[in-house]
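Please read the structure below before turning to the comments.
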Amino acid sequence: MSTTLTDFYFEIIHTSKKSGARVGKIHTPHGVINTPGFVAVGTNGTIKALDSKMVEEIGIELMFCNTYHLLLQPGPEVVENAGGLHTFMNRKMPIITDSGGFQVFSLAYGGVAKELKSSGNKNKGGSVLKITEDGVLFRSYRDGKKILLTPETSIQIQKSLGADIIIPFDELPPYHISDQKLLESFERTHRWEIRSLNEHLKNPQRQAMYNVVHGGLSGELRKKSVQILRKHPFDGFAIGGSLGKDKAEMIDIIQNTMPEIPKEFPVHLLGIGDLTSLEEAIPLGIDTFDSSYPTKAARHGTLFTNEGGIKVTKSIYKNNFSPIEENCPCHTCKNYTLSYLNHLFAAHEYTAHTLASIHNLHYMVRYMNAKREAILNDEI
C-alpha cells in the first residue's frame with residue numbers, strides 16, 4: 001500500500017512479453033517521468049557544468065540532489081527561504097533527494113573499491129564520530145562543526161528542500177561485513193526507515209517517499225526487507241545498500257529482489273546508471289536509475305556514441321571536423337566538431353565540460369527513448 005497521494009501515482013503502460021521490462025509513467029506535482037528513465041545527479045543542486053534550463057532542454061525528467069551536501073552548503077533554511085529547491089535552482093521538472101545516509105556512511109567505511117584494496121577501514125579520517133540507534137554524529141568537512149543526522153532530521157531537511165520524491169534515512173553497511181554485523185545493520189536500518197516514514201506522514205506536503213531495500217548480498221535478507229517494507233505506506237521501492245563488488249553480484253541481487261516487490265510500485269536502482277548495467281537491469285523491471293557516470297565521463301573527455309565511447313582528447317580527433325554523431329540533434333553536435341572539442345580539452349577550457357556533458361546526457365535520454373520503444377514492441 002502507499003500514501004495514495006493524488007499528486008503522485010505510477011501508471012504502467014506496457015509490460016514486455018519477452019521479459020520483466022515495462023514502460024510506465026510516474027506522475028508527480030512537477031510533471032511526468034517516463035520509465036524506464038535515466039536520472040541525472042546534481043549533487044549540489046546543479047549538474048556540474050550545466051544550468052537547470054539546459055538540463056530541462058536536454059530532457060532530463062528527474063534529477064537527483066544530495067541532502068548531505070545541501071545540508072552543509074547552503075543549508076536547508078536558505079533553500080526553504082527561497083521557496084524550495086525547485087525555485088532556488090529554477091527547475092520546473094521533478095526532483096528526488098536522498099537521505100544523506102549514503103554520503104555519511106561512505107565517510108565511515110569508504111566505497112567497495114577502497115574496501116577491496118583494504119583502505120576502507122571504518123572511520124578513517126575521523127569524519128564520522130559515532131553511530132548509534134538515534135542516528136549518526138559526524139563532523140562537517142566544510143567547517144568542522146558536529147552534526148547529528150537522524151531519521152527525523154533527515155526528513156525535516158528534505159521537507160525544507162521540497163523534492164517530489166524523498167528517501168528515508170538508512171545505513172549503508174560496508175561490502176565486507178560479518179553476518180552478525182549485517183543483521184544488526186539490517187534491523188537498525190529498517191527501524192530508521194519506519195521512523196523516517198512516520199516523520200514524513202506528519203506533513204506529507206505533496207511529497208512521495210520511496211523505501212530502500214537492504215540486505216547486502218543475502219537473498220534471504222533482501223526478501224525479508226521487502227516483506228517488512230511492503231507493510232508500510234511507502235510510495236515506491238528503491239534497491240540500495242551494498243550491491244556487490246561487480247555487475248554479476250548486482251544483477252543476482254536484483255533478480256532475487258524484484259519478484260518480491262509488488263508490481264504496482266515504481267522501482268529505483270540507487271547509484272547505478274552505466275550502459276552495461278542498464279542493458280541487464282531494464283529487462284528485470286527496474287524503472288529509474290540515477291548515476292553521475294555520464295557527466296563524469298564527459299568531464300574526462302569520454303563521449304557516448306552508438307558505436308561505443310570515444311576519447312575525444314586523443315590526437316586522432318585534432319583534425320576531425322565532424323560532429324560527435326552525425327544524426328545527433330543535441331546542441332553540441334549541431335554546433336561544434338570533434339576537432340573543436342579536442343582543442344577545448346587540450347586548452348583546459350571549462351566549455352569542454354559543458355559541451356561534452358550536454359551530449360552525454362542527451363545520449364542517455366535518446367537511449368532510454370529507444371529502450372521504451374523496444375519494450376513497447378516486446379523486443380526486450
In a check of side-chain contact (heavy atoms from CB on, under 4.5 Å) between E171 and each of R188, E193, E184, which one passes? R188
Say whether, by atom type as modelled, one donor and one acceptor occur between the side chain of T67 and the main chain of T97 under 3.5 angstrom. no
Do P266 and T288 have side chains that get closer than 4.5 Å, going by heavy atoms? no
V79 vs S160 side-chain heavy atoms within contact, under 4.5 Å: no
Cluster check F10, V32: I/L/V/M/F/W/Y, side chain < 4.5 angstrom: no
The reported gap from CD in Q205 to CD1 in I166 (rounded to nearest 0.5 angstrom) is 8.0 Å
Same cluster (ILVMFWY, side-chain, under 4.5 Å), M93 and V41: no
Distance check, rounded to the nearest 0.5 Å: E249 atom CD versus D246 atom CG? 5.0 Å
Report yes or no: do N44 and Q73 form a side-chain donor-acceptor pair below 3.5 Å? no
Between atom NZ of K53 and atom CG of D51, what is the distance when rounded to the nearest 0.5 Å? 8.5 Å
Donor-acceptor under 3.5 Å (N360 side chain, P294 main chain): yes
Kindly determine whether I155 and I157 satisfy side chain to side chain contact (heavy atoms under 4.5 Å, CB included), including the steps that lead there. CA-CA 5 Å; I155 299 309; I157 293 164; over 6 Å; no
State, with a plain yes or no, whether a side-chain heavy atom of Y141 is found less than 4.5 Å away from one of Y68. yes
In this structure, CZ of R91 is separated from CE of M63 (nearest 0.5 Å) by 6.0 Å
Below 30° counts as parallel, above 60° as perpendicular, anything between as tilted: where do the rings of H190 and F186 land? tilted
With a 4.5 Å limit on heavy-atom distance, are the side chains of I253 and L217 in contact? yes
Determine whether P168 and V212 make a side-chain contact, defined as any pair of heavy atoms from C-beta on separated by less than 4.5 Å. yes
Is it the case that over 12 heavy atoms from other parts of the model lie below 6.0 angstrom from the CG atom of N327? no
Quick one: do K371 and E279 satisfy salt bridge (charged side-chain N to carboxylate O under 4.0 Å, His left out)? Show the steps, please. CA-CA 9 Å; K371 289 298 178 186; E279 287 290 327; 2.9 Å; yes
Step by step, work out the side chain to side chain contact (heavy atoms under 4.5 Å, CB included) result for R195 and D134. CA-CA 10 Å; R195 283 169 54 188; D134 194 27; 3.5 Å; yes
Which donor-acceptor pairs under 3.5 Å do side chains of residues 296-305 form with protein atoms, sequence neighbours excluded?
| unit_1 | atom_1 | unit_2 | atom_2 | d |
| --- | --- | --- | --- | --- |
| R299 | NH1 | T295 | O | 3.4 |
| H300 | ND1 | K296 | O | 2.9 |
| T305 | OG1 | E307 | N | 3.1 |
| T305 | OG1 | G308 | N | 3.3 |
| T305 | OG1 | G308 | O | 2.5 |

At what distance, to the nearest 0.5 angstrom, does OG of S315 lie from CG of N342? 8.0 Å
Trace of the side chain to side chain contact (heavy atoms under 4.5 Å, CB included) decision for D290 with H268: CA-CA 8 Å; D290 75 272; H268 183 84; 2.7 Å; yes
Should the heavy atoms of other residues, nucleotides or ligands under 6.0 Å from NZ of K318 be counted, would the total exceed 12? no
Does anything in residues 209-223 pair up under side-chain hydrogen bond (donor to acceptor under 3.5 Å, both in side chains), and if so which pairs, sequence neighbours excluded? D170-H214
Would you find a donor on one side and an acceptor on the other, under 3.5 Å apart, between the side chain of S339 and the backbone of F321? no
Do L85 and M89 have side chains that approach each other closer than 4.5 Å (heavy atoms only, starting at C-beta)? yes
Could you walk me through whether N90 and K92 pass side chain to side chain contact (heavy atoms under 4.5 Å, CB included), step by step? CA-CA 7 Å; N90 194 24; K92 302 295 190 293; 3.0 Å; yes
Side-chain touch K130/L148, heavy atoms, less than 4.5 angstrom: no
Quick one: are L344 and Y336 in side-chain contact, heavy atoms under 4.5 Å? no
First locate atom CD of E56, then atom CG of L50, and finally report the distance between them rounded to the nearest 0.5 Å. 12.5 Å
Looking at S16 and A21, would you say the former's side chain and the latter's main chain have a donor-acceptor pair under 3.5 Å? no
Which residue in the set Q156, Q158, Q207, K159 passes side chain to side chain donor-acceptor pair (under 3.5 Å) when paired with H200? K159
Residues, nucleotides or ligands: over 12 heavy atoms within 6.0 Å of K314 NZ: no
Please determine which of D164, D7, D235 meets the salt bridge (Lys or Arg N to Asp or Glu O under 4.0 Å) test together with R206. D7
Check this for me, if you would: do R191 and E133 make a salt bridge, where the nitrogen-to-carboxylate-oxygen distance has to be below 4.0 angstrom? yes
